[in-house]
Amino acid sequence: MEIGSFAACHCGGVTRRAFLQAGALALGGLTVPRQALAGETAKAKSIVVVWLWGGSSQLDTFDPKPHAPAAYRGPFSTIATRTPGIRFCELLPKLAERSQLFSLVRTNRNLSADHLIAGSIGLSGAPAQPTQYPPNFGSIVARHRGDAALPPFISMSRGPVADGRAPMEGYGGGTWGKGFDPFLLSCSEDGDVEVPALRLLDGLSPARLFDRETLVAELDEKRRGLDSVAARRWTEAHARANALLTSAEARGALDLARESPEQRHRYGHTSFGQSCLLARRLVEAEVPYIQVNWSQYVELGPPPYGFGWDTHAHHFNMMTDRHLPIFDRAFSAFLDDLHERGLLSTTLVVCLGEFGRTPKINSLASRDHWPDCYCSLWSGGGIAPGRVIGESDARAEQPRTEPFFPASVGATMLELAGLNSAVRAEFRVLEGARVIHELL
Amino acid sequence: MSCSKSALSRICGALAIFLAGWGGLGASEPTQLTHDGRLKREPRFIKQGSEVVYSVVESPIVMRLMRLDLATRAAEPLYPQAATSQFESAFSPDERYHVFVEFRAVTNVKMVIRDTRENRDVIFDPGSDRAHLGSPTVDPRGNRVVFSLPRTVGQQIVSVDLQAGNGKVLTARTDAVDDWPTFSPDGSQIAFASSRDGDFEIYVMQADGSNPRRLTESPGLDIRPAFSPDGRQLAFTSMRDGNYEIYVMNVDGSGVRRITNHPERDDYAQWHPDGRQLLTISERDGAFDLYLLDLAGQ
């Protein structure tokens, strides 16, 4: 069943109590009262993960190899950055100009070349076991910061991130339960915010949402058409979404119309650009963990897939026409905006995908999956900027220096969010994982 | 209707900045043809320059072909019933044949050669699994479609007839990526971009693939060449000055001049059939729209 969707920026407001209910529901009643402690020890009040779902090429972004053979280096030239000796792909000029705002890890490594497996590991730090699905880093932070006013883990996507086969297990709470799943929002190129959970009601409009009598009647009618499990799931999802959207505070955070036209322009009028702008507003609203997904699906293809980073074909065209210019503009604007507002020092921004892409160009003049060596970009809360950590070999195939696995990515994020090794041990997550101290 | 002084000042300021962005155009002002701001690609003039067909990102998951009437500025879907993304259009000189690319499945495209007179499609199928092709263009003599196609190594320029058969490879097998072929008005030459010498540069060859010559030599990419209607000039996109800008050069590579100069993106140049105007897709204030530039001041 699909519902209609609507522009959140048109919504009316309600009470803070409803908002708090949303936060509690989002945590499934399992919150741990650590907020004060976290606030005191965290260098990062908020974490924003920009998730390049599908896997971006390390060579065509942040680790170009201009001296590699043509079958590896690709058709793009390189440009200097503000970081001495470091060059980026020519299609990232804005980020090259801002390299003093962030640091790079060039030796990330994942354990799988499968999107769903690598994605789950990439966002949780560990592979799933037969009956154990580790929670997303965002779910861990949400559990730690559970008593925040807003939902503590918000993921921006048209639905749970997936590939053509299934949703990614590491998308949410895993074995901890759906109560720790992220609260989903999506944002159009026009800045209209949608709540996928509310797609259950056909034709739901803001006016009807706030007409309580109508809404209750709609809900009762809808429930009658569902089995008990579906009804319970739907009721919880709807309660969360409704509580969020009927809160004045949330309405403000989600309303991009409150931004100046100049700010809207700056990020670019693309879904990804406006999602980054929404992420900045959620940072201002002190949401602890925000995941901005480039796309719901990894694939390039007909609806519902769209235009993910999984460019087994069309790679260089897509990079030239679409992906890199959109990413360069939006992500640069996001870093600038956080920096100018004094938010970057308390906001950890991490940008990566589940893996890189094959250094050797494939038979479709494109690049396939490559988990052995890829890049991540780190900025803000607790990160020393302008550094490049790790070195890849001459073709960006293998790390020449220590590889950093997703567990280290997660441990570093959690450490900066105030979840030290003791807390991680108590939660039984990422135990023994090495924090990437070279970034700090 | 009233307008405050400060609001008027802001509008005038924005207009001044906007016009300053079209560097070197003298008194010529660009004409903005669309206003929806959505991401667009590959505009093509049809009907003697009175209409434009282009692809637009209708939603984050769909790209649709649109037709714009320049007189009324009304845009409508070219194929409203299309259920998949369609893009990269080209037309035969008499516009009987419309060639375009569409997603058939995940990471899989096909090329449609649509006979609009007979209402019949011929499909060029590059493969049943993952497959790619791109940038189709039609020989002005009306008998062949030229496009880019990956091969075992690299990506070459190839051609097929209008029945999608009798394929020929026009560029030699190399490790290079060759793309964006475009015919000279008389059909004797094809300009294209290739990475054979390092990064993307513009080349020209005879229509049979012989005698390729390099026309540009710049540190940034040079792509999407487009012949002027008189066949004497090529417009193209270049990153040589740090972002996507439109340039024009003579067909021998001499006389390169920059047409646009703006911190945002200018791309996909096409010549109006009158030879005096260039159509671009330009990003202004983060929004992508079609603009028509009068080259009279150049």
Side-chain angles (χ1 to χ4, degrees), chain A residues 66 69-79 90-91 93-94 97 158 163-164 186 188-190 261-262 264-273 295-297 299-307 310-317 320-322 325-326 329-330 333 361-366, chain B residues 37-39 41-42 57 59-63 83-85 88 102-109 126-127 130-135 148-155 174-177 179 193-196 198-200 218-221 223 239 242-244 264-265 267-268 283-288:
Chain A
Y72 291 80
R73 70 169 182 261
F76 301 130
S77 59
T78 65
I79 52 175
E90 64 175 318
L91 298 178
K94 291 182 171 62
E97 273 292 304
R158 295 163 62 88
D163 75 1
S186 74
S188 75
E189 55 272 29
D190 297 323
E262 290 75 18
R264 299 284 296 278
H265 301 336
R266 182 184 196 184
Y267 283 77
H269 291 282
T270 59
S271 176
F272 178 71
S295 56
Q296 181 186 0
Y297 290 95
E299 290 94 347
L300 289 176
Y305 298 109
F307 306 94
D310 191 26
T311 48
H312 295 283
H314 324 284
H315 174 81
F316 296 113
N317 308 63
T320 307
D321 287 351
R322 182 186 173 91
I326 291 173
R329 180 180 188 121
I361 296 170
N362 69 16
S363 62
L364 294 172
S366 294
Chain B
R38 293 178 186 273
L39 198 62
R41 294 172 54 177
E42 308 109 15
V57 175
S59 78
I61 58 173
V62 177
M63 196 150 40
T84 187
S85 287
E88 299 188 352
E102 71 175 29
F103 274 129
R104 178 173 55 183
V106 169
T107 322
N108 186 299
V109 299
R130 292 168 178 156
H132 171 50
L133 58 78
S135 310
S148 61
L149 183 69
R151 291 166 61 81
T152 306
V153 179
Q155 177 171 291
T174 67
D175 286 349
V177 176
D179 206 347
S194 174
S195 64
R196 62 188 60 188
D199 68 339
F200 279 127
S218 79
L221 63 75
I223 57 175
M239 289 279 286
N243 78 333
Y244 293 74
E264 297 179 275
R265 180 177 176 184
D267 205 347
Y268 303 101
E283 184 184 30
R284 294 292 180 268
D285 290 335
F288 291 86

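Since the model is a prediction, treat every value here as computed from it, not as a measurement. Residue numbering restarts at 1 for every chain, and letters A, B, ... go by the order of the sequence lines.
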*R38(B) side chain reached by D190(A) side chain, heavy atoms, under 4.5 Å*: yes
*Rounded to the nearest 0.5 Å, what separation is found between the NE2 atom of H132(B) and the CG atom of N317(A)?*
4.0 Å
*Please determine, among G306(A), P302(A), P261(A), the option with the most heavy-atom pairs under 4.5 Å with chain B.*
P302(A)
_Part of E283(B) within contact of chain A (heavy atom distance under 4.5 Å)_ = side chain
*Specify the closest pair of heavy atoms between G220(B) and S77(A), including all atoms of both residues, with the distance to one decimal.*
CA-OG, 3.8 Å
*Minimum heavy-atom separation for H314(A) to N108(B), with atom names?*
NE2-N, 4.4 Å
*Nearest 0.5 Å please: distance from the CZ atom of R322(A) over to the CE atom of M63(B).*
6.5 Å
*Do you know which of E189(A), R73(A), E299(A) has the most heavy-atom pairs under 4.5 Å to chain B?*
E189(A)
*asked:* Under 4.5 Å from any heavy atom of chain A, what part of A83(B) do you find: side chain, backbone, both or neither?
replied: backbone
*Check each atom of R130(B) against the heavy atoms of chain A and say whether the ones under 4.5 Å are side chain, backbone, both or neither.*
both
_Quick check: closest heavy atoms across S363(A) and P150(B), and the distance to 0.1 Å?_
O-CB, 3.6 Å
_Which atom of P303(A) lies closest to which atom of S85(B), heavy atoms considered_ = CD-N, 4.4 Å
*Say you draw a straight line from OG1 of T107(B) to CG of L364(A); how long is it, rounded to the nearest 0.5 Å?*
9.0 Å
_Which atoms of A287(B) are under 4.5 Å from chain A, going by heavy atoms: the side chain, the backbone, both sets, or neither?_
both
_Between G154(B), G37(B), A105(B), G242(B), the one whose heavy-atom pairs under 4.5 Å with chain A are most numerous_ = A105(B)
*asked:* What part of V177(B) gets within 4.5 angstrom of chain A, counting heavy atoms only: side chain, backbone, both, or neither?
replied: side chain
*Where does the angle between the aromatic ring planes of F307(A) and F103(B) fall among parallel (under 30°), tilted (30 to 60°) and perpendicular (over 60°)?*
tilted
*In Å and rounded to the nearest 0.5 Å, what is the CG to OG distance from L39(B) to S271(A)?*
11.5 Å
*asked:* With a 4.5 angstrom heavy-atom cut-off, is it the side chain or the backbone of P219(B) that approaches chain A, or both, or neither?
replied: backbone
*Shortest non-hydrogen separation from A131(B) to A313(A) and the atoms involved*: O-CB, 4.0 Å
_Walk me through whether D175(B) and Y72(A) qualify under side chain to side chain donor-acceptor pair (under 3.5 Å)._
CA-CA 9 Å; D175(B) 286 349; Y72(A) 291 80; over 6 Å; no
*When rounded to the nearest 0.5 angstrom, what distance separates NZ in K94(A) from CG in N243(B)?*
6.0 Å
*Go through the steps for T84(B) and Y305(A) under the test side-chain contact (heavy atoms from CB on, under 4.5 Å), then give the verdict.*
CA-CA 10 Å; T84(B) 187; Y305(A) 298 109; over 6 Å; no
*Let me know if T320(A) has heavy atoms under 4.5 Å from chain B in its side chain, its backbone, both or neither.*
both
_For a quick test of reading the model, state the closest non-hydrogen atom pair linking R329(A) to D285(B) and the distance between them._
NH2-C, 3.8 Å
*Pairs of heavy atoms under 4.5 Å with chain B: top-ranked of G74(A), A70(A), P325(A)*: P325(A)
_Run Y244(B) and L91(A) through side-chain contact (heavy atoms from CB on, under 4.5 Å) and show every step you take._
CA-CA 9 Å; Y244(B) 293 74; L91(A) 298 178; 3.2 Å; yes
*Who wins among M239(B), R104(B), R196(B) for the most heavy-atom pairs under 4.5 Å with chain A?*
M239(B)
*Are side-chain heavy atoms of V106(B) and H312(A) found at a separation under 4.5 Å?*
no
*Heavy-atom distances under 4.5 Å only: say whether I223(B) touches chain A with side chain, backbone, both or neither.*
side chain
